[in-house]
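Atoms within a ligand are numbered from 1 in the order they appear, just like the ligands themselves.
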Amino acid sequence: MKIRFWGTRGSIPTPSTADFVTSRFGGNTTCVSIQAGERLIILDGGSGLRNLGLELMRGGPVSATFFFSHVHWDHIQGFPFFPPCFDPRSNLVLYGASHERETGVVGSVLENALRGQQRSLNFPIQVADMGAKMNFRELSPNAQVKLPLEGGTLLVKSGVLNHPGGCFGYRIEEQRDGRTCSFVFATDTEHYEQNNPALQTLAKDADVILYDAQYTVDEYEGRAGMPRTGWGHSTWFHGLREATAAGVKRLLLTHHDPMHDDWAIARIENDARKEGAKLNIEVDAAYEGLALEL
Ligand SMILES: [Zn+2]
Ligand SMILES: [Zn+2]
């Protein structure tokens with residue numbers, strides 16, 4: 001599978017300025033694409049989704065399957081600017097979590113959130129007028145979606161992360177021509193005393209895990225500003241703890257804090273790499289434009 005990162009920023013898009021440079025790691029919010037054989041998977045629709053859409057429009061008609069972690073704004077705000085939505089030849093299947101029903105929303109939470117985001121007070125074009133064929137589907141926790149591939153299968157598994165309002169992590173596993181590779185998407189999650197059993201199940205022996213490392217340990221624990229406990233995000237230190245327990249040898253850090261410029265993220269990456277080397281885990285801070293092939 002080919003994995004590309006279109007947005008790795010947390011909370012709000014953070015464009016680079018003269019005094020606050022973010023051009024190395026990028027300022028767009030969460031969006032990751034995975035091409036496996038003929039299948040295109042899109043994980044989250046943060047502002048990075050726009051650039052992915054522009055690139056896709058250079059090819060033929062777009063068929064894609066979206067898996068949304070949750071519907072916080074930084075994970076859906078790119079959707080109104082995804083050019084394939086405006087092409088009637090596009091065929092989009094959109095999976096979102098059903099457990100957010102606790103919020104009192106009737107029907108698909110994802111569908112409600114995307115349509116709500118484009119109600120006329122908020123945006124000039126409604127989802128119903130965008131033109132693409134859209135098929136909304138709900139996923140329960142620990143669900144497994146099997147997508148057939150030529151010569152194999154693509155499996156997408158869901159697991160619940162620790163985040164206000166709920167959030168799904170996903171394991172994307174390609175089984176093709178006698179080979180298996182797997183990528184775990186775990187953003188918008190907070191660590192607790194113990195590792196998250198649902199995340200451990202998703203991440204077991206995966207090739208790569210992308211993990212929410214929004215804060216430094218000092219920030220999280222309140223030694224640099226107010227404590228960030230209960231805010232739903234984690235640190236590189238806890239990413240290494242989850243990766244070690246799950247037997248994952250490559251950790252990518254994401255959901256970079258909007259208060260962290262390139263220099264701050266590079267320092268986090270450096271600290272994490274030093275600890276990772278002791279555990280035999282390769283660590284990088286994910287950046288916009290990063291491409292991996294598994
Ligand atoms: Zn987020
Ligand atoms: Zn969130």
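Atom ND1 is the N/O/S atom of H72 found closest to the Zn ion (ligand 2). Nearest to the Zn ion (ligand 1), among the N, O or S atoms that H75 has, is NE2. D74 has its closest N, O or S atom to the Zn ion (ligand 1) at the position named OD2.
For residue H255, an N/O/S atom approaches the Zn ion (ligand 1) to within less than 2.8 Å. Taking 2.8 Å as the criterion, C167 does not count as a coordinating residue of the Zn ion (ligand 2), since none of its N, O or S atoms falls below it. Taking 2.8 Å as the threshold, D188 counts as a candidate ligand of the Zn ion (ligand 2), since one of its N, O or S atoms lies below it.
Counting non-hydrogen atoms of neighbouring residues, nucleotides and ligands closer than 6.0 angstrom, the CZ atom of F237 reaches no more than 12 such neighbours.
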Please assess N28 against S47 for the test side-chain hydrogen bond (donor to acceptor under 3.5 Å, both in side chains), listing each intermediate value before the final yes or no.
CA-CA 5 Å; N28 280 305; S47 65; 2.7 Å; yes

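Between H233 and H255, the angle of the ring planes stays under 30°, which puts this pair in the parallel group of the 30/60° scheme. Classification of the F168-Y170 ring pair by plane angle, with boundaries at 30° and 60°, yields perpendicular.
Between H70 atom NE2 and H163 atom NE2, the angle centred on the Zn ion (ligand 2) amounts to 100° (nearest 10°).
No option in H75, H191, H72 other than H72 meets the ring-ring contact (aromatic ring centres under 6.0 Å, His included) test with H163.
F67 is not listed as a side-chain neighbour of I34, based on a closest heavy-atom distance of 4.5 Å or more.
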